[in-house]
Amino acid sequence: MSLLQIGKRKKTAPMLRQRVYLSASSEGFGHSSRALAIARYLPKDEVLIGTYKYAYERVRDAGYPVVPVSQEFEFVASEGLVDMSRTILHNPNSLFGLNQLIQEEVDIIRANAISLVVADGRIASVLAASRLDIPCLVVTNQSAFYPFFERESELVKLFGRSFEWVMKLWLCSAEEILIPDFPPPDTICLPNLSQKHQVKKRTRFVGPLVAWKADEIQPIARDSRKPLVVASLGGHAYRKPLFDAVIKTAASLPEIAFEVIGGFEPEGPVSANVRLHRSVPSAAPYFKAADLVITQAGHSTAMELLTLGTPCVVVPDSNQIEQENNASRLAELGVARLVNYGQLESRNLWPGSERSVSESALKEALLAVLETPAYRDRALEFSQKARQMNSAAVTAAYLSDFAQRLLAY
C-alpha cells in the first residue's frame with residue numbers, strides 16, 4: 001500500500017460507549033506526562049493509554065489502563081548527539097512499515113470500542129483513526145519540522161522534505177491540534193510551530209499539561225538560610241561538561257546549596273554544599289523547593305517549572321534546535337537566563353582530565369537570576385496563569401465532548 005492510500009477512510013462499527021484512547025510516544029518524558037495529566041480527569045473505564053518502553057511501565061505503575069504499542073522511529077546518537085544520517089540508515093523501512101503499525105492501532109481501536117483517538121508524538125494512531133473515520137486530535141509542541149534539518153547534509157535535508165510531507169499528512173488527518181503550552185504571546189514553543197494557515201486555523205492552545213497539581217507537590221526539605229539551586233541533567237553523555245561546570249560552580253559558591261540530579265560521576269572532589277542524585281522518582285518536589293533550576297530547555301520541563309513558578313538557567317543541548325528555540329523564548333519572556341555549551345569551554349580546570357569546562361558563564365547566570373527578583377516574579381505570573389487555566393481538567397472535558405460526537409446520534 002502506498003502512503004497516498006494510508007489515510008483512506010473506512011466506516012467502523014458503531015461505538016457502544018465513550019472511550020478515549022491516548023496514544024503516546026516514549027521518545028521523551030513529556031508525552032507520557034501529558035497522557036497521565038489528561039487521564040486523571042477521565043473515568044478509568046473511559047480511557048486507555050497506548051505506549052511502550054519506560055512510558056508503558058510508568059503508566060502501568062500509575063494504575064491506568066495501558067496497552068503496549070510498537071515503536072515507530074528510533075533515533076541514533078553519535079558521540080552523545082542525535083545523528084540524523086545514522087538515524088535515517090537505522091530506520092530505512094520506517095515509512096514502508098508504517099502500514100503495519102497503523103493496522104496494530106486499528107486493531108486496538110476496534111478491540112476497545114474507542115470513540116476518540118488522541119495522539120501525542122505518534123503517527124500511526126492518527127492514520128488509523130482516519131482509516132476508521134473516528135475523531136482524532138493531535139497533542140504536540142512542535143508542528144514545523146523541516147527547519148530542524150537545515151543544519152544537516154544535503155542527503156539529510158532531502159529526507160527532511162519527505163519527513164515533513166509525512167508530518168503534514170499526520171497533522172491534516174486530525175480534527176484539531178492541541179498545543180500543551182500557554183496561549184500567545186506567552187507560548188514557549190512558539191518558534192517550533194508551523195506558520196502555515198491550514199495548520200494554524202486548527203490549532204488550539206490548551207495550556208501546560210503536567211502530571212500533577214502544583215498544590216499537591218510537597219517540596220523537599222531544605223536549609224532556609226541558603227539559596228537552593230537544583231540541577232536536573234539526566235544521564236546523556238554529552239551533558240557531562242555541564243555536570244562538571246555545575247560541580248565547579250558550586251565549589252565557588254559555598255553559600256548556596258546545590259541538589260544535582262544526573263547519572264554522572266564527578267572527576268574531582270565535590271564540595272560540602274552539593275548533594276548528588278543519580279535519579280529521583282520525581283523532580284517536581286526539587287523544582288518546587290528550588291530558588292532556581294539548571295536544566296535543558298525540554299518543553300515538558302519548562303511547563304513544569306512555569307506551573308510551579310520557578311525560574312531557571314537553561315543550557316540547551318548542542319545542535320538541538322527545538323531546545324535552542326525553547327531556551328530563547330524562556331529568556332525572552334523573562335523567566336530564565338540562557339547559557340550555551342560554547343560558553344562552558346575554557347582551559348582545563350580538572351587536573352588530569354581531558355575535559356574543558358568553565359564555571360564563569362554559569363556562575364554569572366546563576367547569580368543574575370538569584371539576585372534579580374524579576375525572574376521569580378515573572379515565573380510566578382506564569383504559575384498563576386497555569387492555575388487559572390486548569391489545563392488538564394479543561395482539556396479532559398473537551399476530549400469527552402469530542403468522544404461523544406459519534407455516540408450522540
Side-chain angles (χ1 to χ4, degrees), residues 20 22 29-43 47 118 120 137-143 176-193 200-219 282-293 295 297-312 314 325-336 369 372-403:
V20 177
L22 303 169
F29 207 66
H31 303 289
S32 54
S33 292
R34 296 192 287 249
L36 289 171
I38 294 169
R40 69 177 294 175
Y41 290 99
L42 294 171
V47 65
V118 181
D120 192 330
L137 304 176
V138 162
V139 178
T140 184
N141 54 278
Q142 182 180 335
S143 58
E176 282 198 18
I177 302 160
L178 307 184
I179 309 298
D181 203 326
F182 296 93
D186 295 324
T187 312
I188 302 303
C189 65
L190 198 61
N192 302 322
L193 301 181
K200 293 172 70 174
K201 69 183 181 181
R202 292 185 296 110
T203 294
R204 179 187 298 264
F205 292 86
V206 298
L209 295 175
V210 298
W212 34 257
K213 286 186 175 181
D215 293 342
E216 297 173 345
I217 301 301
Q218 183 65 37
S282 171
Y286 293 82
F287 291 169
K288 190 169 186 178
D291 292 294
L292 77 82
V293 171
T295 188
H299 187 263
S300 179
T301 299
M303 291 300 100
E304 290 185 355
L305 291 174
L306 293 180
T307 297
L308 293 170
T310 306
C312 54
V314 284
N325 288 341
N326 291 338
S328 295
R329 285 292 292 164
L330 287 164
E332 289 170 8
L333 293 170
V335 297
V369 174
T372 308
Y375 287 102
R376 167 68 69 171
D377 293 343
R378 184 69 170 131
L380 288 173
E381 289 178 18
F382 275 92
S383 179
Q384 183 61 28
K385 289 179 183 179
R387 186 185 302 272
Q388 293 171 350
M389 292 187 74
N390 196 17
S391 302
V394 171
T395 301
Y398 181 65
L399 299 187
S400 291
D401 173 72
F402 238 104

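This is a predicted model, so every value here is computed, not measured. Along the sequence shown, residues carry numbers from 1.
Using a 4.5 Å heavy-atom cutoff, the side chains of Val206 and Tyr398 are not in contact. With contacts defined as side-chain heavy-atom distances shorter than 4.5 Å, the pair Leu22/Leu36 does not qualify. With contacts defined as side-chain heavy-atom distances shorter than 4.5 Å, the pair Ser143/Leu193 qualifies.
Take Ala397 and apply the side-chain contact (heavy atoms from CB on, under 4.5 Å) test, not counting sequence neighbours, and it matches no residue. Judged as a ring pair (Phe, Tyr, Trp, His ring centres under 6.0 Å), and not counting sequence neighbours, the contacts of Tyr286 are His277. Checked against ring pair (Phe, Tyr, Trp, His ring centres under 6.0 Å), Tyr375 has no partners two or more places apart in sequence or in another chain. Qualifying ring pair (Phe, Tyr, Trp, His ring centres under 6.0 Å) partners for Tyr41, counting only residues two or more places apart in sequence or in other chains: none.
Between Ala396 and Ile38, the shortest heavy-atom distance links the atoms CB-O, 3.8 Å. The two residues Leu292 and Thr310 make their nearest non-hydrogen contact at CA-CG2, 4.2 Å. A pairwise comparison of heavy atoms in Gly334 and Arg378 identifies O-CB, 3.5 Å as the closest pair. When all heavy atoms of Ala297 and Ala327 are compared, the closest pair comes out as CB-N, 3.5 Å. The shortest non-hydrogen separation linking Pro285 to Ser282 is CD-O, 3.4 Å. Lys288 and Ile217 get closest at one heavy-atom pair: NZ-O, 3.0 Å.
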Applying side-chain contact (heavy atoms from CB on, under 4.5 Å), run through Ser400 and Leu42 and close with a yes or a no.
CA-CA 8 Å; Ser400 291; Leu42 294 171; 3.3 Å; yes
Begin from the C-alpha positions of Leu178 and Leu209 and carry the test side-chain contact (heavy atoms from CB on, under 4.5 Å) through to its verdict.
CA-CA 11 Å; Leu178 307 184; Leu209 295 175; over 6 Å; no
Can Thr140 and Asp120 be said to form a side-chain contact (heavy atoms from CB on, under 4.5 Å), step by step?
CA-CA 6 Å; Thr140 184; Asp120 192 330; 5.8 Å; no
Just do the side-chain contact (heavy atoms from CB on, under 4.5 Å) check on Lys213 and Thr307 with the steps written out, would you?
CA-CA 9 Å; Lys213 286 186 175 181; Thr307 297; over 6 Å; no
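Separation of atoms CG (Leu305) and CZ (Phe287) is listed at 5.0 Å; rounding is to 0.5 Å. The line from CG of Leu330 to CZ of Phe382 is 8.5 Å long, rounded to the nearest 0.5 Å. If you take CG on Leu190 and CZ on Phe205, they are separated by 6.5 Å, rounding to the nearest 0.5 Å. To the nearest 0.5 angstrom, Ser300 atom OG is 9.0 Å from His31 atom NE2. Note that the CG atom of Asn141 and the CD1 atom of Ile177 stand 12.5 Å from one another [nearest 0.5 Å]. To the nearest 0.5 Å, atom OG of residue Ser383 and atom CZ of residue Arg376 are 9.5 Å apart.
Between the side chain of Arg40 and the backbone N or O of Ala392 there is no donor-acceptor pair closer than 3.5 Å.
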Would you list the atom pairs, donor with acceptor, under 3.5 Å between side chains in residues 180-189 and any protein atom, with sequence neighbours excluded?
from: Asp181; atom 1: OD1; to: Ile188; atom 2: N; distance (Å): 3.2
from: Asp181; atom 1: OD2; to: Ile188; atom 2: N; distance (Å): 3.1
from: Asp181; atom 1: OD2; to: Cys189; atom 2: N; distance (Å): 2.9
from: Asp181; atom 1: OD2; to: His299; atom 2: NE2; distance (Å): 2.9
from: Asp186; atom 1: OD2; to: Lys385; atom 2: NZ; distance (Å): 2.4
from: Thr187; atom 1: OG1; to: Phe182; atom 2: O; distance (Å): 2.6

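Each salt bridge (charged side-chain N to carboxylate O under 4.0 Å, His left out) pair with one or both residues in residues 200-212, not counting sequence neighbours, appears once here: Glu176-Arg204.
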